[in-house]
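In what follows, a single structure is set out as structure tokens and then discussed.
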Amino acid sequence: MPDVVNNTQIPAARVTLWDAVSNFVSRPWYRWFYNMYVAVEAGRRYGSFYSTTTFTPLAINTAYALTFNGTYTRADGSALTYGVYIGTPTSRIYVDNTATYNFQFSAQIRNTAGGTKRVYIWPRVNGVNVADSATEVTLTGTSNDASVAAWNFVLNLQAGDYFELVYSADSTSVSFPYAAASSPVPAIPSVIMTVTSCVGG
């Protein structure tokens with residue numbers, strides 16, 4: 001939890017919770033509850049996004065940022081996001097609060113021509129590669145064999161910063177495919193991204 005400054009001026013065990021004159025919570029205790037609310041609220045940021053785009057590299061050994069065009073929804077139909085949002089271009093996921101964030105993704109990768117292919121995935125913050133962050137995914141086997149890349153990055157971002165998930169491949173015969181729903185299976189996004197802020201960040 002973020003540091004909470006005790007500016008309530010509450011002498012321990014000396015100020016009553018309820019003010020008998022106003023018949024409301026006492027002012028010192030109101031300040032305490034309000035400060036606790038602000039501290040907790042500052043650390044509560046989240047967003048859950050996906051992509052219905054199929055990605056294929058146009059050139060080998062070239063960096064491409066994955067884009068997002070969907071936001072998951074709550075039970076009431078509203079967007080499942082608070083303080084974390086897709087920006088412009090849609091590869092950018094912005095945060096509105098300074099905190100430490102957990103960016104967790106899953107992406108399906110398909111080998112479209114058989115043989116051995118290598119795909120590299122890493123994060124960028126504000127257009128700059130995060131040092132020591134890339135992972136190699138090796139695809140082997142016959143044509144259309146698929147693999148799933150899924151891990152997370154814990155990064156400290158400032159308010160207004162943006163995150164991107166970037167990939168490169170040593171072949172153009174790979175893809176991050178989107179698959180439409182086919183009963184009984186729902187649609188398969190090419191990429192899913194879940195972002196949560198970390199308490200104490």
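Hydrogens, waters and symmetry mates are skipped; everything else that's a heavy atom, side chains included, is used.
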Quick one: does Y167's side chain have a donor or acceptor within less than 3.5 Å of a partner on T62's backbone? no
Are L139 and I109 packed together at the side-chain level, in the sense that at least one heavy-atom pair is separated by less than 4.5 angstrom? yes
Answer yes or no: is there a side-chain heavy-atom contact under 4.5 Å between S147 and V137? yes
Is there a side-chain contact between I121 and W151, using heavy atoms and a 4.5 Å cut-off? yes
Taking T112 for its side chain and S173 for its backbone only, find out whether a donor-acceptor pair lies under 3.5 Å. yes
Would you check if T54 and S190 make a side-chain contact, meaning some heavy-atom pair closer than 4.5 Å? no
Taking I192 as the starting point, is it possible to reach V119 by hopping between hydrophobic residues whose side chains are less than 4.5 Å apart? no
If Ile, Leu, Val, Met, Phe, Trp and Tyr residues are connected whenever their side-chain heavy atoms lie under 4.5 Å apart, and connections chain through other members, are V95 and I93 in the same group? yes
Are Y46 and F163 linked, directly or through intermediate hydrophobic residues, by side-chain heavy-atom contacts shorter than 4.5 Å (ILVMFWY only)? no
Can you spot which of L157, T194, V125 makes a side chain to side chain contact (heavy atoms under 4.5 Å, CB included) with F103? L157
Any donor and acceptor pair, going by atom type alone, linking the side chain of R110 with main-chain N or O of A146 inside 3.5 Å? no
Heavy atoms only: give me the nearest Y178-I188 pair and the separation to one decimal. CD1-O, 3.2 Å
Kindly indicate whether the side chain of F49, heavy atoms from C-beta on, has any atom under 4.5 Å from the side chain of I86. yes
Which atom of R45 lies closest to which atom of G83, heavy atoms considered: CD-CA, 3.5 Å
Between OG1 of T196 and CG of N102, what distance do you get to the nearest 0.5 Å? 4.5 Å
Flag, side chain of T53 to backbone of F55, donor-acceptor distance under 3.5 Å: no
Could you tell me whether the side chain of D161 and the main chain of Q158 form a donor-acceptor pair under 3.5 Å? yes
Nearest-0.5 Å distance that lies between atom CG in N126 and atom CZ in R92: 8.5 Å
Minimum heavy-atom separation for T138 and E136, please, with both atom names. OG1-OE2, 3.1 Å
How long is the gap from NZ on K117 to OG on S171, to the nearest 0.5 Å? 4.5 Å
Say whether D145 and N111, considering side chains only, have a donor N or O and an acceptor N or O under 3.5 Å apart. no
Do any side-chain atoms of residues 65-73 form donor-acceptor pairs under 3.5 angstrom with protein atoms, and if so which ones, sequence neighbours left out?
{"from": "N69", "atom 1": "OD1", "to": "T52", "atom 2": "N", "distance (Å)": "3.0"}
{"from": "N69", "atom 1": "OD1", "to": "T52", "atom 2": "OG1", "distance (Å)": "3.3"}
{"from": "N69", "atom 1": "ND2", "to": "T52", "atom 2": "OG1", "distance (Å)": "2.8"}

Residue pair V191 / S106, side-chain heavy-atom distance below 4.5 Å: no
Pick from Y85, Y101, Y94: which one makes a ring-ring contact (aromatic ring centres under 6.0 Å, His included) with Y162? Y94
With a 3.5 Å distance limit and no angle check, can you tell me whether T172 reaches the backbone of L58 through a side-chain donor-acceptor pair? no
Roughly how far, to the nearest 0.5 Å, is CZ of R118 from CG of N61? 11.5 Å
Distance, nearest 0.5 Å, that separates CG of L165 from CZ of F153: 6.0 Å
Identify whether NZ of Lys or CZ of Arg in R44 sits under 6.0 Å from the centre of the six-membered ring of Y82 and within 45° of that ring's axis. yes
Please name all residues satisfying side chain to side chain contact (heavy atoms under 4.5 Å, CB included) with D76, sequence neighbours left out, ordered by chain then number. R74, S78
Between W122 and A134, the two heavy atoms sitting closest are CB-CA, 3.6 Å
Nearest 0.5 Å, what's the CZ-OG1 distance between F176 and T56? 9.5 Å
Would you mind reporting whether P123 and E164 have side-chain heavy atoms less than 4.5 Å apart? no
So which heavy atom on Y64 is nearest to which on A59, and how close? OH-N, 3.0 Å
